Amino acid sequence: MSVNRSVKKAVQALQAFLKTKSTRDSLFLDETQPISLLFTLWKIPKKAQTIRIPLPHGQRPDTDEVCLFTKDEPNMTSEQTQRFYKKLLEENGVKNISEIIPYKVLKTEYKPYEAKRRLLGNFDMFLSDDRIRRLLPSHLGKHFYQRKKEPLCVNLQSKHLARDIKSVIQGTSLKVTNKGCCCMAHVAHSSMTADEVTENIEAAVQTLVAKLRMKGPVLKLIHLKSQTSVALPIYNSDLSHLSVMAQADKNAQTPKEKEGAAKKKKKTKDTKQTDTTADGKGEEKVIKKKAEEEEEEEEDEIPQLVPIETQSKKPKLEKPLKKKQLKKAPKPAAAKKGTKAQRGKMESRVKRKVPKVK
């Protein structure tokens, strides 16, 4: 009961946030926003998997348009096949499908790129007959899969056709990839009540735990979010699951893997022992060699050669340079004469000639 209450509180907080963020434009253009669950797993799955999750309350509004790709019936034209499947759906009480496109029409009329883009934008969801499911990817193109609008399989030969189609349309699907530990699925929309959203969340979590191909603890974190809100945590697992996961990994090992691990351990031990023995033997050999060399040196001492002294010329001693007394350089006479001449010229220039008075 406490878990349900906490989930309901998170849903109510998210709905209150969406009401405050809604504007006049959003009320008329986009009344509902999808509410999603973000699952974080303990480990990355080994294989990719697509899980279908039936929900107790439909997550799609009745205004959504659904397209159905059908198989070409033998001895019938494309128009006749359309009429045949429309009649089949009406007899079983299916009213959610807005258009039926046979496989032959898809190959011919929707072959150009623009036609495929137009088809992608005109419908909110695509269904396909399970008998032609493998033939569709080559004709639809990558844009259907990039925008997560790839057609979902339906068995048109089922006895409970209305129930199967309704569960596919109103339910959801979860794609678990082997490239990461996070996956997300749409479980409700903003115009639903808090109780309906909580019931859808519980159903989604139960189906994920039951159908996911993993051993041991699976879910690590669960967050609730919309397109414009922050992710609200509604479940956190305990750290005690780590020991359980380690034991599960050991138990999950095949007998061949266990034998390989045991052999590796033995090899490592043997190599360590051989290394230690080899090191010990090598040290003993080195010590013995050193002792033998020392004994040989003691027995046969080699006389040391002494160099013969030869008479060499005495090196000339460099005489210290005597400090010469610096004498005053005599002034050149030319310079003196030049100075007197210059002085006379200057004086003559300074003196002015006085004109004679007659």
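Model, not experiment: these values are computed from the prediction.
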Sequence-distant partners of S98, side-chain hydrogen bond (donor to acceptor under 3.5 Å, both in side chains), two or more places apart: none
Under 4.5 Å between side-chain heavy atoms, hopping through other hydrophobics if needed: is there a path connecting [X] to [Y]?
| X | Y | result |
| --- | --- | --- |
| L127 | L106 | no |
| V176 | V209 | yes |
| L152 | L119 | no |
| L221 | F39 | no |
| M125 | M184 | no |

Any side-chain heavy-atom pair of [X] and [Y] under 4.5 Å:
| X | Y | result |
| --- | --- | --- |
| T40 | L219 | no |
| L212 | L41 | yes |
| H186 | S36 | yes |
| V7 | Y235 | no |
| N200 | I35 | no |
| V66 | I165 | no |
| P151 | L140 | yes |
| Y110 | I101 | yes |

In Å, rounded to the nearest 0.5 Å, how long is the span from CD of Q15 to OG1 of T193? 7.5 Å
Could you give the distance from OG1 (T198) to NZ (K9), rounded to the nearest 0.5 Å? 13.5 Å
With sequence neighbours excluded, what pairs up with F123 under the ring-ring contact (aromatic ring centres under 6.0 Å, His included) test? F126
Holding to side chain to side chain contact (heavy atoms under 4.5 Å, CB included), I want the full list of residues that pass it with [X], two or more places apart in sequence or in another chain.
| X | answer |
| --- | --- |
| A203 | P56 |
| D129 | K71, Y85, R131, I132, L156 |
| R83 | E79 |
| K107 | Y103, H139 |

Taking [X] for its side chain and [Y] for its backbone only, find out whether a donor-acceptor pair lies under 3.5 Å.
| X | Y | answer |
| --- | --- | --- |
| D72 | K104 | yes |
| N178 | P45 | no |
| Q82 | I100 | yes |
| Q59 | G171 | yes |
| Q49 | K211 | yes |
| N96 | K166 | no |

Knowing that exactly one of Q170, E199, H189 qualifies, which makes a side-chain hydrogen bond (donor to acceptor under 3.5 Å, both in side chains) with H57? E199
So which atom in [X] and which in [Y] form the shortest heavy-atom distance, rounded to 0.1 Å?
| X | Y | answer |
| --- | --- | --- |
| V11 | A194 | CG1-CA, 3.9 Å |
| S229 | L14 | OG-CD1, 3.2 Å |
| M192 | V197 | CB-CG2, 4.0 Å |
| N122 | E65 | O-OE1, 3.1 Å |
| L37 | A204 | CD1-CB, 4.1 Å |
| N75 | Q80 | O-OE1, 4.0 Å |

Within a reach of under 6.0 Å around NZ of K86, are more than 12 heavy atoms found that belong to other residues, nucleotides or ligands? no
